[in-house]
Amino acid sequence: MPMWARFTERARRVVLNAQQEAGLLGESYVNTEHLLLGLLRESECTAVKVLQQLGVSLSRLQMELERHISHEESKAGQEAELTPRAKRVIDLAYDEARQLNHNYIGTEHLLLGLIREEEGLAGSILKQAGIDLERARIAVRALRERVGVPSAQITVLRTEVLHGLQGRDLLGIHDLTSEECDTLLKLAAAMKQSTRKGEELVRWKRSHLLAMIFEKPSLRTRFTFEAAMVQLGGHAIYLSPGEIGLGKRESVADVARNLERWCQAIMARVFSHQTLVELAENAKVPVINALSDLEHPCQALADFQTLIEHKGEAKGKHLVFVGDGNNVAHSLMLLSAKLGTHFTIACPEGYEPNERILSLAREIASATGSLIVVTRDPKEAVRTADAVYTDVWASMGQEHEAERRRQVFMPYQVNAELLKEAKAETIVMHCLPAHRGEEITDEVIDGAQSVVFDQAENRLHAQKALLAALIGGW
Ligand code: CP
Ligand code: NVA
């Protein structure tokens, strides 16, 4: 892996900033002082936090640098290359990262490299400011520990991808890129491991609040969101349907405008997806879909975490959904497309997935190499399945259609007879709650191939990863 590939997004920006600084000063080369200027421009970066922790006055440091830097006539158009000394700073930064067991090179390592390159102008100015290498190393270590994520795991998790999620909404799976889905799932898996050991990978420095709006009942979603907030060092506040009268007692927009003043994120389980869109349009804090008529993205994330646990990886695997082309099917189909998993839905005529979501999934799938298929034949579909998934025939809000749907969907029941057509190692999935004896039989849901409670368990970890990324601040 080339060294640049190990640079965090911020460390890369520092080098770009340094090139710009050199250009503005009329230099055709980038020296250590430009790197330090470039670093100070990233006011939120870890290196700046280290400097602050060491009691360094940033404005005085900046003034000192500018006093020593010679302003030459602009040599615009020339390529600003790194001087041998600046290159040595990068090598030293790499060395520092290695010594600290960090698999990435961040701004904090660049700072340590600048301190170590004593011959450089930046090195001597940092020394004059009273910075000592050992104290700086201790500050870097302490800061990482406070942040709470073992640094070795950060590279695997691509911190810059996680940071890029901060402040965003998750209304549907397509709000995430393939890389973001992959990174969130890796974070969720790491969080599960650490929670099981009695540790938490991420703990916020100060408590954050989540508003939980529910227009429909819930066991898993409500419990796991609240538990996730507690384990991250925050708190969740449950708002029942009768309590806030979303869109009745008060407009959706006004509810959003109130909540954003008190909390760091809003999650909502709603009848109409449009309600989520309105909440997101009117709230500055992230809005998370906790199930709508269109999607259930948090469920799909936990389900893929489960699929990966049981099957090693998602790419190239075959997920077969037997049943209604509903919210759960939509999110699973989109996430399959994002991750390169082949997806088949076996459903009765008239209960296909939403056409817009189907064509979106196919468009995404054309880039990741997965196949998205709609069929009427469950037996044929499950033959090549790595996972067979089902969900209720009548979703919340469709109770009045339950009787008609029971008749239409009976040939789509996931039972022992259907499972005989699949491979012995095929897993059986269900988002729960299950209507035992309807879409799935007791024998199957309680059978050896069933992973339904792993899915339920993973709701906690997948959502914890999501909340940590969207709220940020760790
Ligand atoms: N699977 C799921 O979302 O469960 P709840 O409806 O209990 O939250
Ligand atoms: N499709 C179901 C999922 C429940 C978690 C529903 O919307 O009711």
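Just follow the structure's listing: the first ligand is 1, and inside any ligand the first atom is 1.
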For atom CD of Gln274, is the number of surrounding heavy atoms from other residues, nucleotides or ligands below 6.0 Å larger than 12? yes

Protein heavy-atom partner closest to atom 1 (N) of ligand 2 - residue, atom, separation in Å: Asp391 OD2, 2.6 Å

For ligand 1, list every N/O pair with the protein closer than 3.5 Å, one pair per line with the distance.
unit_1: ligand 1; atom_1: 1 (N); unit_2: Gln299; atom_2: OE1; d: 2.8
unit_1: ligand 1; atom_1: 1 (N); unit_2: Cys431; atom_2: O; d: 2.9
unit_1: ligand 1; atom_1: 1 (N); unit_2: Leu432; atom_2: O; d: 2.7
unit_1: ligand 1; atom_1: 1 (N); unit_2: Arg459; atom_2: NH1; d: 3.3
unit_1: ligand 1; atom_1: 3 (O); unit_2: Thr221; atom_2: OG1; d: 3.0
unit_1: ligand 1; atom_1: 3 (O); unit_2: Arg269; atom_2: NH2; d: 3.0
unit_1: ligand 1; atom_1: 3 (O); unit_2: His296; atom_2: NE2; d: 2.8
unit_1: ligand 1; atom_1: 3 (O); unit_2: Arg459; atom_2: NH1; d: 3.0
unit_1: ligand 1; atom_1: 4 (O); unit_2: Arg220; atom_2: NE; d: 2.8
unit_1: ligand 1; atom_1: 4 (O); unit_2: Leu432; atom_2: O; d: 3.4
unit_1: ligand 1; atom_1: 6 (O); unit_2: Arg269; atom_2: NH1; d: 2.7
unit_1: ligand 1; atom_1: 6 (O); unit_2: Arg269; atom_2: NH2; d: 3.4
unit_1: ligand 1; atom_1: 7 (O); unit_2: Leu219; atom_2: N; d: 2.6
unit_1: ligand 1; atom_1: 7 (O); unit_2: Arg220; atom_2: N; d: 3.0
unit_1: ligand 1; atom_1: 7 (O); unit_2: Arg220; atom_2: NE; d: 3.3
unit_1: ligand 1; atom_1: 7 (O); unit_2: Arg220; atom_2: NH2; d: 3.0
unit_1: ligand 1; atom_1: 8 (O); unit_2: Ser218; atom_2: OG; d: 2.6
unit_1: ligand 1; atom_1: 8 (O); unit_2: Thr221; atom_2: N; d: 2.8
unit_1: ligand 1; atom_1: 8 (O); unit_2: Thr221; atom_2: OG1; d: 2.6
unit_1: ligand 1; atom_1: 8 (O); unit_2: Arg269; atom_2: NH1; d: 3.4
unit_1: ligand 1; atom_1: 8 (O); unit_2: Arg269; atom_2: NH2; d: 3.2

Compute the shortest N/O to N/O distance between Asn327 and ligand 2 and return yes if it is under 3.5 Å, no if not. yes

Leu432: numbered ligand 2 atoms lying under 4.0 Å from its heavy atoms: 5 (C)

Could you check whether Glu457 pairs with Arg196 (Lys NZ or Arg NE/NH1/NH2 to Asp/Glu carboxylate O, under 4.0 Å)? yes

Can you tell me the protein heavy atom closest to atom 8 (O) of ligand 2 and the distance? Met396 N, 2.8 Å

Under the ring pair (Phe, Tyr, Trp, His ring centres under 6.0 Å) test, which residues partner Tyr389, sequence neighbours left out? Phe321

Parallel, tilted or perpendicular: which fits the ring planes of Phe409 and Trp393, with parallel below 30° and perpendicular above 60°? parallel

What pairs of donor and acceptor atoms, side-chain ones from residues 287-294 against any protein atom, are under 3.5 angstrom apart with sequence neighbours left out?
unit_1: Asn289; atom_1: OD1; unit_2: Leu291; atom_2: N; d: 2.6
unit_1: Asn289; atom_1: OD1; unit_2: Ser292; atom_2: N; d: 3.3
unit_1: Asn289; atom_1: ND2; unit_2: Leu171; atom_2: O; d: 2.9
unit_1: Asn289; atom_1: ND2; unit_2: Ser292; atom_2: OG; d: 3.4
unit_1: Asn289; atom_1: ND2; unit_2: Glu295; atom_2: O; d: 3.3
unit_1: Ser292; atom_1: OG; unit_2: His273; atom_2: ND1; d: 2.8
unit_1: Ser292; atom_1: OG; unit_2: Leu294; atom_2: N; d: 3.1
unit_1: Ser292; atom_1: OG; unit_2: Glu295; atom_2: N; d: 3.2
unit_1: Asp293; atom_1: OD1; unit_2: His273; atom_2: N; d: 2.8

re atom 4 (C) of ligand 2, the protein heavy-atom contact at minimum distance is Leu291 CD1, 3.8 Å

Under 4.0 angstrom from ligand 2, any heavy atom of Thr221? no

Please list, chain by chain and in numerical order, all residues satisfying salt bridge (charged side-chain N to carboxylate O under 4.0 Å, His left out) with Glu215, sequence neighbours excluded. none

Compute the shortest N/O to N/O distance between Ser395 and ligand 2 and return yes if it is under 3.5 Å, no if not. yes

From CG (Leu259) to CG (Asp254), nearest 0.5 Å: 10.5 Å

If you measure from the Lys or Arg side-chain nitrogens to the Asp or Glu carboxylate oxygens, is any gap between Arg406 and Glu403 under 4.0 Å? yes

Take atom CD of Glu355 as the centre, draw a 6.0 Å sphere, and report whether it contains more than 12 heavy atoms from other residues, nucleotides or ligands. no

